[in-house]
Amino acid sequence: MYDVQMENRIVSDIKKQVVILLKNIDELFSSLDDGMLDNAAGRWPLWRQLYHMLHSMDQWFVNPYRYTDHMGGGADVAGLVEETAIKLSKNELSDYYSDIRVKIEDYLNGLDAAMLKEKPGGCPFTRFELVLGQTRHIMYHIGLIHGIMLVSWNVLPGYHGLSGSVKPGAD
């Protein structure tokens with residue numbers, strides 16, 4: 001049986017969850033400084049981890065097969081893995097995130113239940129799969145970066161979830 005109310009509720013829930021996800025990214029940015037970004041976890045300093053997460057959001061959230069790189073060639077993911085890669089500052093990463101955030105918010109404002117079932121042009125995944133996949137991927141990187149911050153500097157950023165915000169160490 002076709003249930004329009006249920007489908008509309010799913011879209012509404014997705015939008016709420018993405019808002020919470022974006023708050024977690026905001027919290028991460030507010031807890032990082034440029035000095036932390038050079039800290040290496042394996043062969044990737046934090047700025048590369050953060051850039052990879054942002055680039056993936058930019059490419060995969062809406063349609064990875066109809067994607068324009070906003071960073072313009074010189075900062076592609078492959079180049080950022082190399083030791084000779086340019087280093088991106090917190091401000092550059094934050095500006096990139098701001099652009100991606102607007103893109104995602106605009107996309108969500110136009111999203112409806114019928115669109116969730118569609119595979120956008122040339123893409124083998126539904127819009128629903130893309131949103132869920134990016135949510136999973138983004139939270140993986142946020143958790144990884146939080147862990148590195150905790151071990152390296154005893155800093156643990158706040159967290160936003162279904163029951164509100166948690167600020168570790170706050171009374």
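Start at 1 with the first residue, then count along the sequence.
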Side chains of W60 and H137: does their closest heavy-atom pair fall under 4.5 Å? no

Residues E129, K119: salt bridge by 4.0 Å N-O rule: no

Starting from the C-alpha separation in whole Å, work towards a yes-or-no answer on side chain to side chain contact (heavy atoms under 4.5 Å, CB included) for V11 and I14. CA-CA 5 Å; V11 172; I14 288 170; 5.5 Å; no

Thinking salt bridges, do K103 and D58 make one under a 4.0 Å N-O criterion? yes

So do the side chains of L22 and E105 get within less than 4.5 Å of each other, counting heavy atoms only? yes

Heavy-atom check, side chain of V155 versus side chain of L150, under 4.5 Å: no

Which pair of non-hydrogen atoms, one from I138 and one from M57, has the smallest distance, and what is that distance? CD1-CG, 3.2 Å

Looking only at non-hydrogen atoms, find the nearest pair between H146 and G158 and report the distance. CE1-O, 3.7 Å

Pair D26 + K23, salt bridge at N-O below 4.0 Å: no

Taking the side chain as everything from C-beta on, heavy atoms only, tell me whether I100 gets closer than 4.5 Å to F61. no

Side chains of P124 and Y65, heavy atoms from C-beta outward: is any pair under 4.5 Å? yes

Between K87 and E92 the two heavy atoms that sit nearest each other are O-OE1, 3.8 Å

State whether the side chain of S12 and the backbone N or O of N8 hold a donor-acceptor pair below 3.5 Å, judged by distance alone. no

What I'd like to find out is whether the side chain of Q134 reaches to under 4.5 Å of the side chain of I104, using heavy atoms alone. no

Give a yes or no answer on whether the side chain of S56 reaches the backbone of M53 with a donor-acceptor pair at less than 3.5 Å. no

Any side-chain heavy-atom pair from L28 and L50 closer than 4.5 angstrom? yes

Atom CZ of residue position F128 - does it have more than 12 heavy atoms of other residues, nucleotides or ligands inside 6.0 Å? no

Evaluate the side-chain proximity of Q17 to T135: yes if any heavy-atom separation is below 4.5 Å, no if none is. no

Shortest non-hydrogen pair, L130 vs N63, comes out as CD1-CA, 4.3 Å

Heavy-atom closest pair, residues H52 and W44: CB-CZ3, 3.4 Å

Looking only at heavy atoms, the pair that brings D33 and G35 closest together is OD1-N, 2.9 Å

Give the ring-plane orientation class for Y67 versus H55, where under 30° counts as parallel, over 60° as perpendicular and anything between as tilted. perpendicular

Is a side-chain donor-acceptor pair under 3.5 Å present for R101 with Y96? no

Step by step, work out the side chain to side chain contact (heavy atoms under 4.5 Å, CB included) result for T126 and L116. CA-CA 6 Å; T126 66; L116 287 177; over 6 Å; no

